[in-house]
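We count residues from 1, following the sequence as given.
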Amino acid sequence: MLEARPDAFTLWRLSDLLQRLDELDRSIADTDELLSLSLAPWEDWLRLLETVPGTDRGSACATLIELRPEVSAFPSAKHLAAWADVAPGSHKSAGKRLSRRTRKGNR
């Protein structure tokens, strides 16, 4: 069996990294709580967005934040779905991209 004992520097470094990880975990939890409070008025919208296939709570929150509940820029639900890339058959079929766009210089 192979045994190794970390030196003092390695132990200090590991301790420092674990402390930073704990700080990041607390920061993420604080951010999650702030987002939950900020998005509470739009809970109905979030639940509706979560019904879109492939959309979880995080995606629904990101979409709502991106839209800033100002959907008036979209003439219809189809336009919004196309913008969100969730319109049925918008650009993929059996995993193949159907977009006709090409990069400049790419023939």
Side-chain angles (χ1 to χ4, degrees):
M1 179 161 66
L2 181 63
E3 287 187 32
R5 295 191 177 175
D7 59 15
F9 175 78
T10 303
L11 288 173
W12 171 81
R13 187 67 182 133
L14 288 172
S15 175
D16 182 58
L17 290 171
L18 287 172
Q19 182 179 357
R20 289 172 190 246
L21 183 60
D22 288 341
E23 290 170 6
L24 289 172
D25 284 342
R26 282 192 297 276
S27 178
I28 290 169
D30 291 346
T31 302
D32 283 346
E33 185 177 345
L34 179 62
L35 279 174
S36 291
L37 291 172
S38 299
L39 294 173
W42 294 286
E43 186 62 35
D44 292 341
W45 285 45
L46 287 171
R47 275 194 236 109
L48 186 59
L49 284 168
E50 287 179 278
T51 65
V52 175
T55 303
D56 62 4
R57 181 70 173 192
S59 299
C61 288
T63 301
L64 188 61
I65 289 168
E66 185 84 20
L67 287 173
R68 299 180 192 150
E70 295 295 330
V71 295
S72 59
F74 302 98
S76 71
K78 287 182 181 182
H79 287 87
L80 174 58
W83 171 84
D85 201 23
V86 294
S90 60
H91 70 286
K92 291 182 183 178
S93 175
K96 298 178 184 176
R97 285 191 79 80
L98 299 177
S99 175
R100 300 279 187 237
R101 290 186 225 161
T102 59
R103 293 186 181 151
K104 196 172 190 175
N106 187 6
R107 303 199 186 242

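- With sequence neighbours excluded, no residue forms a side-chain hydrogen bond (donor to acceptor under 3.5 Å, both in side chains) with Ser36.
- Judged as a side-chain hydrogen bond (donor to acceptor under 3.5 Å, both in side chains), and not counting sequence neighbours, Ser38 has no contacts.
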TODO: Run the numbers on Val52 and Thr63 for side chain to side chain contact (heavy atoms under 4.5 Å, CB included), then give the verdict.
DONE: CA-CA 11 Å; Val52 175; Thr63 301; over 6 Å; no

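- The side-chain hydrogen bond (donor to acceptor under 3.5 Å, both in side chains) check on Ser76 picks up His79, with sequence neighbours excluded.
- Residue pairs meeting the salt bridge (charged side-chain N to carboxylate O under 4.0 Å, His left out) criterion with at least one member in residues 24-34: none, sequence neighbours excluded.
- Between the OG1 atom of Thr31 and the CG atom of Leu24 there is a distance of 10.0 Å, given to the nearest 0.5 Å.
- In this structure, the separation between CZ on Arg5 and CG on Leu11 is 11.5 Å, given to the nearest 0.5 Å.
- Pairs of residues two or more places apart, or lying in two chains, never qualify as ring-ring contact (aromatic ring centres under 6.0 Å, His included) while including a residue from residues 14-36.
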Open item on the list: Set out, in order, the CA-CA distance, both residues' side-chain angles and the distance that settles side chain to side chain contact (heavy atoms under 4.5 Å, CB included) for Cys61 and Leu39, then state yes or no.
Closed with: CA-CA 8 Å; Cys61 288; Leu39 294 173; 3.6 Å; yes

- [ ] Apply side chain to side chain contact (heavy atoms under 4.5 Å, CB included) to the pair Asp56 and Ser59, showing each step before the final yes or no.
- [x] CA-CA 5 Å; Asp56 62 4; Ser59 299; 2.9 Å; yes

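- Here the closest heavy-atom approach between residue Ala60 and residue Thr55 is recorded as N-CG2, 3.7 Å.
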Open item on the list: Set out, in order, the CA-CA distance, both residues' side-chain angles and the distance that settles side chain to side chain contact (heavy atoms under 4.5 Å, CB included) for Leu48 and Thr51, then state yes or no.
Closed with: CA-CA 5 Å; Leu48 186 59; Thr51 65; 4.2 Å; yes

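- Residue pairs meeting the side chain to side chain donor-acceptor pair (under 3.5 Å) criterion with at least one partner in residues 11-22, sequence neighbours excluded, are Arg13-Asp16, Asp16-Arg20.
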